[in-house]
Amino acid sequence: VVVLVDNLDAATARAIQYARTLQPDDLRAVHFDLDAWKTSILVEAWGDLGFTRFPLDLVECPDRRIPRAALEPASQATADHDTELTILIPRHEYTKTWHRLLHDRSSNAIVAAISDTPHCNVTIVPYHLGRGKSVADPTASTHPVSPTLLKPAKTGPAATYVSSTSLPSDRTP
């Protein structure tokens, strides 16, 4: 199993967690080196996390053609026609249409390039952002609170919301 890693974020963490549940014979992470500075930050952060049983392989990609760079190691790994390869691609999923239009969809190009390789499976591991509706914390206030008065207490998909102001008891929002 190979997890394609661009940076260490929640989507990558979810893909790594999923990769471990597959119980593979060999588990690797691959990063395509497009920017040496960004790659050095990733390598340092990877080392700080202590992934000793989960090596990070770097694939140089100076021409920025990621689908081709992903196809070469996949073809080499399955060349013996006895090895089954699963490639996991972490991807952020957005709820709003304009977010989906603005953000890069390079994972689709990687899937298109690798999908015809024999003995190779590609799985996109989605991480959903912006679930939409917020849920008010019932312990924050005894008064109903307007959504405009809510602010996130923490970020992420499981964010809870609390009242940012407390109204006097004789007023309603």
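Predicted model, so just to flag it, every value in this text is computed and none were measured.
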So which atom in [X] and which in [Y] form the shortest heavy-atom distance, rounded to 0.1 Å?
{"X": "Phe32", "Y": "Cys61", "value": "CB-CB, 4.4 Å"}
{"X": "Thr83", "Y": "Ala77", "value": "CB-O, 3.4 Å"}
{"X": "Pro55", "Y": "Arg28", "value": "CG-NH1, 3.1 Å"}
{"X": "Pro90", "Y": "Leu4", "value": "CD-O, 3.0 Å"}
{"X": "Leu42", "Y": "Asp6", "value": "CD2-O, 4.1 Å"}

Listed partners of [X] passing side-chain hydrogen bond (donor to acceptor under 3.5 Å, both in side chains), at least two apart:
{"X": "Asp9", "answer": "Thr12, His92"}
{"X": "Asp48", "answer": "none"}
{"X": "Asp63", "answer": "Arg68"}
{"X": "Asp25", "answer": "none"}

Should Val5 and Leu22 be regarded as members of a common hydrophobic cluster, given that ILVMFWY residues are connected when their side-chain heavy atoms come within less than 4.5 Å of each other, either directly or indirectly?
-> yes
Just grab all the side-chain hydrogen bond (donor to acceptor under 3.5 Å, both in side chains) pairs involving residues 115-125, residues at least two apart or on different chains.
-> Glu84-His119
From the list Val2, Thr86, Leu71, Ile87, side-chain contact (heavy atoms from CB on, under 4.5 Å) partner of Cys120 resolves to Ile87
Which distance, rounded to the nearest 0.5 Å, do you find between the CD1 of Ile16 and the CZ of Arg14?
->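 It is 13.0 Å, given to the nearest 0.5 Å.
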Is the CD atom of Glu72 crowded by more than 12 outside heavy atoms at less than 6.0 Å?
-> yes
Sequence-distant partners of Glu60, side chain to side chain contact (heavy atoms under 4.5 Å, CB included), two or more places apart |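 Applying side chain to side chain contact (heavy atoms under 4.5 Å, CB included) to Glu60 gives Asp33, Pro62.
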Quick one: side chain to side chain contact (heavy atoms under 4.5 Å, CB included) partners of Ala19, sequence neighbours excluded?
->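 Scan of Ala19 (side chain to side chain contact (heavy atoms under 4.5 Å, CB included), adjacent residues dropped) gives Val1, Val3, Leu27, Leu88.
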With sequence neighbours excluded, residues passing ring-ring contact (aromatic ring centres under 6.0 Å, His included) with Phe54 =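 Phe54 satisfies ring-ring contact (aromatic ring centres under 6.0 Å, His included) with Trp46, Phe51 only.
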For Asp35, check salt bridge (charged side-chain N to carboxylate O under 4.0 Å, His left out) against everything at least two apart and list the hits.
-> none
The salt bridge (charged side-chain N to carboxylate O under 4.0 Å, His left out) partners of Arg20 (sequence neighbours excluded) come to none
Test item: Leu8 and Leu49 side chains (from C-beta on) under 4.5 Å apart, heavy atoms |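 Touching, per the 4.5 Å side-chain cut-off.
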